[in-house]
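Read the structure below first, then the notes.
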Number of protein chains: 2
Amino acid sequence: MPGGHGAGTAGVDPQQLWLNPRPSGRGRKPSFSREAITAAAVALADAEGLEAVTMRRVASEVGAGVMSLYSYAPEKETLLELMVDHVSGELPAPARTGDWRTDLKAIGHLQRDLMLRHTWLPAALATRRTPGPHSLAFLEHALAALRPTRLDGSAKLEVFSLLTGFVASHVGYEIRQAAAADAPGRAAAEARYLAAVAADGHHPELAEALSAPGRPPAPEALFTRFLDRLVDGLDTG
Amino acid sequence: MPGGHGAGTAGVDPQQLWLNPRPSGRGRKPSFSREAITAAAVALADAEGLEAVTMRRVASEVGAGVMSLYSYAPEKETLLELMVDHVSGELPAPARTGDWRTDLKAIGHLQRDLMLRHTWLPAALATRRTPGPHSLAFLEHALAALRPTRLDGSAKLEVFSLLTGFVASHVGYEIRQAAAADAPGRAAAEARYLAAVAADGHHPELAEALSAPGRPPAPEALFTRFLDRLVDGLDTG
DNA sequence: ACTATTCTCGTACAACGTACGTAAAAAGTG
DNA sequence: CACTTTTTACGTACGTTGTACGAGAATAGT
């Protein structure tokens with residue numbers, strides 16, 4: 001599940017991260033599990049936002065010492081990757097109609113639903129590196145949906161990346177809008193500011209846009225409209 | 001310049017932030033300026049990335065004590081807003097042809113150029129709140145370009161937000177790709193990982209996509225293609 | 001019983017944003 | 001001129017963060 005931004009420095013070898021079930025028999029038995037830790041972190045992010053996910057907090061939630069987490073994830077960044085893939089496991093297999101555009105739109109809606117259920121996801125995707133198994137399974141479905149297009153391999157991957165990036169960006173926008181509506185003082189201050197700017201005479205277009213607002217469409221309708229435009233515009237090669 | 005994601009808590013009154021030139025005559029003369037501090041922060045981010053922009057570092061760069069910065073920006077978040085608007089001042093007035101789609105594409109390219117010149121910008125936009133004067137000037141141009149569409153006010157603003165979000169998302173992707181190419185060990189590790197997954201037999205579509213990669217297109221061509229699709233797909237009504 | 005290996009986690013540290021308070025500088029007022 | 005008022009400058013200090021280190025505990029193979 002690529003898409004997003006943020007440079008970053010080192011990271012962890014994905015091969016070692018995602019595909020080993022801990023083969024050893026020697027040594028002390030693990031008291032916790034990657035699953036449990038990841039689930040706790042996800043629950044925390046769902047309930048209190050991504051900034052509540054600190055190593056200390058996750059550890060206490062799971063009943064471990066802080067440093068114990070580092071046996072399961074070598075860096076916090078890794079934990080975030082695990083979280084993303086964890087929730088990606090909630091993605092159902094997309095329906096297949098005969099039409100790849102329809103299928104791709106459905107995929108976009110599934111991604112949006114997931115992001116609305118885990119509102120930290122758009123932000124978390126911004127730094128993400130390598131897709132885990134659940135993300136790859138979903139990617140597999142997306143590639144299958146794109147099969148009729150006859151795009152070449154890298155073009156298919158690019159389309160999926162574009163789609164995911166767009167959805168994350170748009171849902172991030174939706175979430176911020178919704179949050180702004182919940183903080184009426186702040187929203188009012190911003191409205192006052194924009195009105196003041198519009199009234200200064202140097203921003204006639206803005207003034208007109210604000211004075212003829214239309215009523216803001218339902219978020220889902222707006223998303224659907226933009227998604228449809230994006231997908232309908234995709235070239236088949 | 002809206003677009004991006006990230007919730008956040010309080011923030012600063014935009015009216016107070018953007019529109020007062022410090023009217024008072026009393027009191028000690030400022031030794032620094034918002035401009036100088038912002039410029040130093042931007043230079044730092046350009047040279048060493050957004051994570052190098054710490055209050056201490058900016059202060060030392062500008063020759064001030066750390067806490068002096070707080071006379072010019074009440075929070076670090078505010079400094080980031082100032083940075084975004086600062087570089088938005090580099091945006092030239094977009095050309096106006098008769099065709100709004102052409103104009104909108106040009107606007108997207110201007111935004112991309114800016115983001116490539118300041119690679120921290122996509123990430124910084126993810127948390128940004130209120131547009132400053134330079135961003136508003138550019139928005140004004142974008143609204144003017146959209147005039148022929150006869151979209152209502154909020155729809156125009158949404159289109160601009162969509163465009164900006166898309167550009168930020170895509171350029172963020174470009175930047176990450178470029179950074180990956182600069183870290184050959186890491187890129188090779190990821191390629192090995194994906195190849196291993198493709199070889200496991202459960203990911204036939206991925207296997208095929210990786211085996212028939214086509215050659216990856218030039219980044220600018222890819223951007224142009226996606227931008228064209230997005231804009232061409234926009235509905236005028 | 002011994003050794004190797006693995007996990008657990010208390011302590012500690014550097015770096016961060018920033019609250020607080022005091023000192024310094026400028027302007028207004030007598 | 002002195003004195004008050006206002007504003008900026010910034011040292012110190014606090015709480016929080018990610019995580020390096022290393023000592024102890026548990027398990028398995030010998």
Side-chain angles (χ1 to χ4, degrees), chain A residues 6 8-12 16 20-38 40-41 44-45 48-83 120 123-124 127, chain B residues 6 8-12 16 20-38 40-41 44-45 48-83 120 123-124 127:
Chain A
T9 47
V12 172
Q16 186 181 335
N20 56 5
R22 201 129 324 281
S24 77
R26 234 11 188 245
R28 182 174 179 168
K29 282 284 169 57
S31 309
F32 313 100
S33 74
R34 209 172 252 197
E35 256 293 302
I37 290 169
T38 307
L44 203 51
E48 304 180 35
L50 201 54
E51 76 282 359
V53 179
T54 69
M55 298 304 270
R56 281 165 237 263
R57 192 67 200 284
V58 171
S60 97
E61 216 74 31
V62 88
V66 194
M67 294 312 291
S68 303
L69 298 189
Y70 287 86
S71 304
Y72 301 87
E75 312 171 14
K76 189 191 180 183
E77 176 63 27
T78 306
L79 181 55
L80 289 182
E81 297 203 49
L82 292 170
M83 290 172 66
W120 46 272
T127 15
Chain B
T9 47
V12 172
Q16 186 182 336
N20 55 5
R22 201 129 323 283
S24 78
R26 236 1 194 248
R28 181 174 177 168
K29 281 286 167 56
S31 310
F32 314 99
S33 73
R34 209 173 253 199
E35 256 292 302
I37 291 169
T38 308
L44 203 50
E48 304 181 34
L50 200 54
E51 76 282 359
V53 180
T54 69
M55 298 304 271
R56 281 166 236 260
R57 192 67 200 284
V58 172
S60 97
E61 216 72 32
V62 88
V66 194
M67 294 312 291
S68 303
L69 298 188
Y70 288 86
S71 304
Y72 301 87
E75 311 171 16
K76 189 192 180 182
E77 176 63 28
T78 307
L79 180 55
L80 288 180
E81 297 201 51
L82 292 171
M83 290 171 66
W120 46 272
T127 14

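These numbers were taken from a predicted model, which means no experiment stands behind them. All chains are named by letter (A, B, ...) in the order of the sequence lines, taking the proteins before the strands, and each is independently numbered beginning at 1.
- In this structure, K29(B) atom NZ and dT7(D) atom C1' are separated by 11 Å, rounded to whole Å.
- For dA9(D), the OP1/OP2 oxygens have a side-chain nitrogen or oxygen of S31(B) closer than 4.0 Å.
- In terms of heavy-atom proximity, S68(A) sits nearest to A64(A) at CB-CB, 4.2 Å.
- Rounded to whole Å, atom P of dT6(C) lies 18 Å from atom CE of M67(A).
- For M55(A), counting side-chain heavy atoms from C-beta on, the closest listed nucleotide (dT6(D), dT19(D), dT8(D)) is dT19(D).
- The distance between atom CG of L50(B) and atom P of dC16(C), rounded to the nearest whole Å, is 13 Å.
- Here the nucleotide nearest the side chain of T54(A), chosen from dT6(C), dG18(D), dA13(D), is dG18(D).
- Rounding to whole angstrom units, CZ of residue F32(A) and P of dA26(D) are separated by 13 Å.
- To the nearest 0.5 angstrom, K76(A) atom NZ is 13.0 Å from L82(A) atom CG.
- For the OP1/OP2 pair of dA9(D) and a distance below 4.0 Å, the side-chain nitrogens and oxygens of Y70(B) include no atom meeting the criterion.
- Residues L69(B) and G27(B) each lie close to DNA chain D; by heavy-atom proximity, the contact nearer the 5' end of the strand is made by G27(B).
- Put simply, S68(A) has no side-chain N or O that comes within less than 4.0 Å of OP1 or OP2 on dC7(C).
- Contact annotation for A64(B): backbone-only contact, meaning every heavy-atom pair under 4.0 Å involves sugar-phosphate atoms and none involves a base.
- As rounded to whole Å, 8 Å separates atom C1' of dT17(D) from atom NZ of K76(A).
- Summary of the strand contacts: R26(A) and R28(B) both lie near DNA chain C, and taking for each the nucleotide with the nearest heavy atom, the more 5' one is attributed to R26(A).
- With hydrogens and angles ignored, the 3.5 Å screen pairs a side-chain donor or acceptor of Y72(A) with a backbone N or O of F32(A).
- Listed here is the closest heavy atom pair of L69(A) and A59(A): CD1-N, 3.8 Å.
- If you take OH of Y72(A) and P of dC9(C), they are 9 Å apart, rounded to a whole angstrom.
- Proximity of E81(B) to V12(B): side-chain heavy atoms (C-beta onward) are nowhere separated by under 4.5 Å.
- The nearest heavy atom of DNA chain C to V66(A) and to R56(A) marks one nucleotide each, and the one closer to the 5' end goes with V66(A).
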